[in-house]
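Shown next, in structure tokens, is the structure this report addresses.
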Protein chains: 2
Amino acid sequence: MTSVEEPARPNGRIRDAARTKAEILDVATREFARSGFAGARVDEIAARTRTTKRMIYYYFGGKEQLFTAVLERAYSVIRQAEQELDVEHLDPVAAIRRLAEVTFDHHERHPDFIRLVSIENIHEAEHIAASEKLGRIGSPALEVIRRILESGQRSGLFTADVDAVDLHAMISAFCFFRVSNRHTFGALFGRDLVAPDQREHYRKMLGDMVIAYLTADRATD
Amino acid sequence: MTSVEEPARPNGRIRDAARTKAEILDVATREFARSGFAGARVDEIAARTRTTKRMIYYYFGGKEQLFTAVLERAYSVIRQAEQELDVEHLDPVAAIRRLAEVTFDHHERHPDFIRLVSIENIHEAEHIAASEKLGRIGSPALEVIRRILESGQRSGLFTADVDAVDLHAMISAFCFFRVSNRHTFGALFGRDLVAPDQREHYRKMLGDMVIAYLTADRATD
DNA sequence: TGACTAACGTACTAGTTCGTACATTAGTGA
DNA sequence: TCACTAATGTACGAACTAGTACGTTAGTCA
């Protein structure tokens, strides 16, 4: 019997379900984003955790459900960011530009999220479809866009025929592509779309594009 | 010894290197696009072919090189389509719109290509980097864009500060996202971006967006 | 016509990978 | 304080998977 004051946990074993669960999700997010669903290894995820593979199955049930949980958490982060959007006090043009910039920034700051969404699309969104939390959840940004658009159209600043979901798709497309296709685009055209010194350039380009589209007088056909 | 007239090849075995190779590439394209690189199974690809797994290794060397060969062929198809682009006789506005539409149509017609590119981005374009055929190949469309832009800017129709690669990225982003993110977008917002009855709508939207951006008078900062 | 080789097929293996049976312990409430 | 359970760890197995060793045959050219 050693008289040395041992730390309270001789085996280094602490119990903290919440921490363990969160740590698994953190590591799984990185691994799935890095290697795709099939490419990610359950053993590898476990190894990068302070716990064991057993715990992944204990808490999540399996690889598939783990990926779904990763997606659910990733989407909840973006939804939270969108909820903090505060642009209603701006005039429509400034509000839309601000919204586009926030979207732009979020995509840039969360490349792992972009990769997860790309991967989920390869799997035809089957995990989203199977998730109760994610089905048809929409996004807070959509409501904001709807209100800004309406205000801008009422005042005659914006062209009348633009739909909120379409505008959201347009903004997302630009932000998403820039990050998701960074590597092939860079390899083929020799230009890094995510280079730091190009950041302001593309941020402005997005805003200019959206505003130009919204304020152009289109020939009615 | 049967006296029945056997077909010329009693074992059904015909030799045709070109056909075998092409068939492997066809099947591999579908399988990689469907399941991703790690998710695709060499045995499955072989099974869907009239030949055997042995031939995949005989002609391509391995799974990795097979994927590279699939990518090379897929890119050569789009480059060929772009080379047939004939818009130089149009005025700049019409030419850009036409170019956008051709890009739009090509993306819609080749969803497997989109998926392969998404997958290659998950792998950070390592196969493109390793391929002699694909490194920095650019695209014929770029040269076309360059010429139209120059002409439009010279005549004062277009704003001066637009770069050809950037414009190509803008057009590609819209076309690519619509196909690549079809499933997650549909699941989250309940709208199918590739629904046939929405096709003309989005095609027009892309053209309007690009022309609006190119002809807008931007406040210089 | 017969020898040579490119093209092809079969059967197998070594290593991997998801998942689980079973054992153990930390905390907690009676 | 003790029993009970949620939380955790270990060891293992069945199935899969990329890749290969070895044998065979169709076409062609000397």
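- Here D/dG19 presents its P atom at 14 Å from CZ of B/Phe60, a figure rounded to the nearest Å.
- The separation between A/Lys63 atom NZ and C/dT17 atom P is 9 Å, rounded to whole Å.
- Atoms CZ (B/Phe67) and P (D/dA18) sit 14 Å apart, rounded to a whole Å.
- For the pair A/Ile56 CD1 and D/dA7 P, the interatomic distance rounds to 16 Å; values are reported in whole Å.
- Comparing atom distances between the A/Lys53 side chain and each of D/dA18, C/dG19, C/dG9 picks out C/dG19 as nearest.
- Between the CD1 atom in B/Ile128 and the CG atom in B/Leu71 there is a gap of 6.0 Å [rounded to 0.5 Å].
- A/Thr29 and A/Asp112 share no side-chain donor-acceptor pair at under 3.5 Å.
- Put simply, CD on B/Glu64 is 12 Å from P on D/dA18, counting in whole angstrom units.
- Side chain to side chain, A/His127 and A/Glu64 meet the donor-acceptor criterion of an N or O pair below 3.5 Å.
- Residues B/Phe185 and A/Asn121 are not in side-chain contact: their nearest non-hydrogen atoms beyond the backbone lie 4.5 Å or more apart.
- Closest approach to the A/Met55 side chain among D/dG9, D/dG19, C/dG9 is made by D/dG9 (side chain taken as heavy atoms from C-beta onward).
- C/dG9 atom C1' lies 16 Å from atom OH of B/Tyr57, rounded to whole Å.
- Among the duplex regions that DNA chain C forms, those built from at least three successive Watson-Crick or G-U pairs under 3.5 Å are C:1-30 with D:1-30, ordered by first number.
- The separation between A/Arg54 atom CZ and D/dT10 atom C1' is 11 Å, rounded to whole Å.
- At least one donor-acceptor pair closer than 3.5 Å links the side chain of A/Lys63 to the backbone N or O of A/Phe37.
- Using a cut-off of 4.0 Å between Lys/Arg side-chain N and Asp/Glu carboxylate O, B/Arg178 and B/Asp192 are scored as not salt-bridged.
- For the atom pair OG1 (B/Thr52) and CE (B/Met55), the distance works out to 5.5 Å, reported to the nearest 0.5 Å.
- The distance from atom OH of A/Tyr75 to atom OG of A/Ser139, rounded to the nearest 0.5 Å, is 10.5 Å.
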So which protein nitrogen or oxygen atoms get under 3.5 Å of nucleotides 3-6 of chain D's nitrogens or oxygens?
from, atom 1, to, atom 2, distance (Å)
D/dA6, N3, A/Arg15, NH1, 2.9

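- Within residues 29-50 of chain B, the residues approaching DNA chain D are B/Ala40, B/Arg41, B/Val42, B/Asp43, by heavy-atom distance under 4.0 Å.
- OP1 or OP2 of C/dG9 has at least one side-chain nitrogen or oxygen of B/Thr51 nearer than 4.0 Å.
- Side-chain contact of B/Glu23 with B/Thr49: a donor-acceptor pair under 3.5 Å is absent, judged by distance alone.
- A side-chain N or O of A/Ser131 and one of A/Glu72 form a donor-acceptor pair less than 3.5 Å apart.
- Using cut-offs of 30° and 60° for the angle between ring planes, the B/Phe176 and A/Phe177 rings count as perpendicular.
- Residue B/Thr20 places at least one side-chain N or O closer than 4.0 Å to OP1 or OP2 of C/dC8.
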